Number of protein chains: 2
Amino acid sequence: MEPILEDLEQAEGLAALQSASEEIRDHYGVDHVVYHWVDSAGDQYGCGTYSDVWRDRYLEQNYLRVDPVILGCFQRFHPVDWKRLDWSSKPARTFQAEAIAHGVGNQGFSVPIRGPNGQFALFTTSHSCDDDVWAAWTDAHRRDLILIAHTFNEKALEFEPDRAPEQSQALSPREVDAMTFLAMGYSRAQVADTLSISEHTLRVYIESARFKLGAMNTTHAVARAMSRGLIVV
Amino acid sequence: MEPILEDLEQAEGLAALQSASEEIRDHYGVDHVVYHWVDSAGDQYGCGTYSDVWRDRYLEQNYLRVDPVILGCFQRFHPVDWKRLDWSSKPARTFQAEAIAHGVGNQGFSVPIRGPNGQFALFTTSHSCDDDVWAAWTDAHRRDLILIAHTFNEKALEFEPDRAPEQSQALSPREVDAMTFLAMGYSRAQVADTLSISEHTLRVYIESARFKLGAMNTTHAVARAMSRGLIVV
DNA sequence: TTTCCACTCCCCAGAAATAGCGAGGCGGCA
DNA sequence: TGCCGCCTCGCTATTTCTGGGGAGTGGAAA
């Protein structure tokens, strides 16, 4: 796997990542290799070997909110085999049927990746084969896939500087306190009481946090603070 | 490195992680190997080969908020050499001097790791040597260190069940819609408009989502929906 | 030294969210 | 068939949040 990873590490530009994903697919002999980025705005960047038809369909139908791979990986740290996800809901099953019809493959293995400011991405390989073959393949290449996922994300962050670091202003300690207690369900009065400050003062923090986070209201500010990893609840 | 990683993968219990860190230190011939977990509430868990004196000092002084390794890695995705961090501030330099006095070593390499719900951890190796030797060493073992960091965190999450995703009642599709748009900063009127329903109806969804999530208000409900991965924002 | 930022406190009016009550139709499941 | 969950709509009153103003401290950086 060495030369494959070297190629990826030396990729320059988004087009190079696209061709790297194709190289990886061919190298490992799987049907598909996909890296994609899930953003707080629902914006997405991705590259990989899925057909254009399927990718457009996915975006158009907003499958982001249905896809068990996304929903499942979002709650995990471990790389996960698609078999271990929850495909039981009805929308999930129709999604699955459609995905397979579009040649995605019946097997899959996804590595969740998280960066600063709540960045979340997925590196996925998928294939059509039976369970034993797939289990053997994932077992053999699990470590490679983690490293490739890591490198993909490194590259994606490198080429998309506006999205990644430093872009979001840090919150002051008091603002973090305020956001944290609000996320825990406290009312403004309760938060002010907990922090032993006046409610007026608290409001200044909330306003300034809202401003820094570019949020339209308190709920929005808390959501952004969470998704950017600025507060932990 | 294979057997080292195998050992780590098969570690059972926190004590095993501790001895794994010592094995890794000896295997790579560095001064220290440390994995630790950083939480908004403070250090929750850590293991490694730093002296007890230094560890206690670190906690007691709350160096978490000073340590350039923590502060720098929190903004990054890439593994980072300590030389590339910002040691310029006065508190950082006194911290550095003290760390070296405690045998931490003048060189270091840290891998940031992120899990679900804003979990953040660091895997660090440190050593005493000159720049060239250290650069050669990190170059040679960078990939190993990423995999070890990954495995350490996997294990730590495994042994900390309170951090594991709790089972929660699913939201209905309309409730998910409502929570999602609220998390995006829409007001109730805007959400109702977007979903083409009356604001009264929307309110019913919000209330029922609040009830299902055991939340005290809308902000709380959105925060819980996010941290449980019920909505993707 | 000045300038900046974080932190603290205050008032007011209008907008928004919440709490409580109610109603009916549709579809799945036992 | 009856129950249950989901979706849809209505009312009133109260509480809470938001958006404008304003002022003063202290510490850290330039």
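In what follows, every chain begins at residue 1, and chains take the letters A, B, ... in the order their sequences are listed. Because only heavy atoms are used, hydrogens play no part in the values below, and waters and symmetry mates are left out as well, while side chains stay in. Because the structure is a prediction, the values reported are computed rather than measured.
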- Message: Checking A:H150 against A:F123 for the ring-ring contact (aromatic ring centres under 6.0 Å, His included) test, could you report, in this order, the C-alpha distance in whole Å, the side-chain angles of both residues, the deciding distance, and whether it holds?
- Response: CA-CA 9 Å; A:H150 199 272; A:F123 176 74; over 10 Å; no

- Quick one: label B:S208 by what it contacts on the DNA or RNA (base, sugar-phosphate, nothing), any heavy atom closer than 4.0 Å. nothing

- Message: Nearest whole Å is fine: how far is D:dG22 P from A:E207 CD?
- Response: 14 Å

- Looking at every strand, decide which applies to A:S172 at a 4.0 Å heavy-atom threshold: base, sugar-phosphate, or nothing. sugar-phosphate

- Query: For A:S196 and B:T218, take the nucleotide of DNA chain C holding the closest heavy atom to each; which residue's nucleotide lies nearer the 5' end?
  - Reply: A:S196

- Message: Quick check: any donor-acceptor pair below 3.5 Å linking the side-chain of A:R203 to the base of D:dG20?
- Response: yes

- Give a yes/no answer on whether the side chain of B:T201 brings an N or O atom under 4.0 Å of OP1 or OP2 in D:dC9. yes

- Query: Are any of A:R174's side-chain N or O atoms less than 4.0 Å away from OP1 or OP2 of C:dC7?
  - Reply: no

- What is the distance from CE of A:M216 to P of C:dA15, rounded to the nearest Å? 17 Å

- Specify the residue among B:V204 and A:V204 whose closest nucleotide of DNA chain D lies further upstream toward the 5′ end. B:V204

- Message: Check A:E199 with A:R203, please: is the shortest side-chain N to carboxylate O separation under 4.0 Å?
- Response: no

- Query: D:dC6 C1' sits how many Å from B:Y205 OH, rounded?
  - Reply: 7 Å

- Under 3.5 Å, side chain of B:T49 to main-chain N/O of B:V33, donor-acceptor pair present? yes

- Indicate the atoms forming the closest heavy-atom contact of A:V30 with A:H127, along with that distance. CA-ND1, 3.4 Å

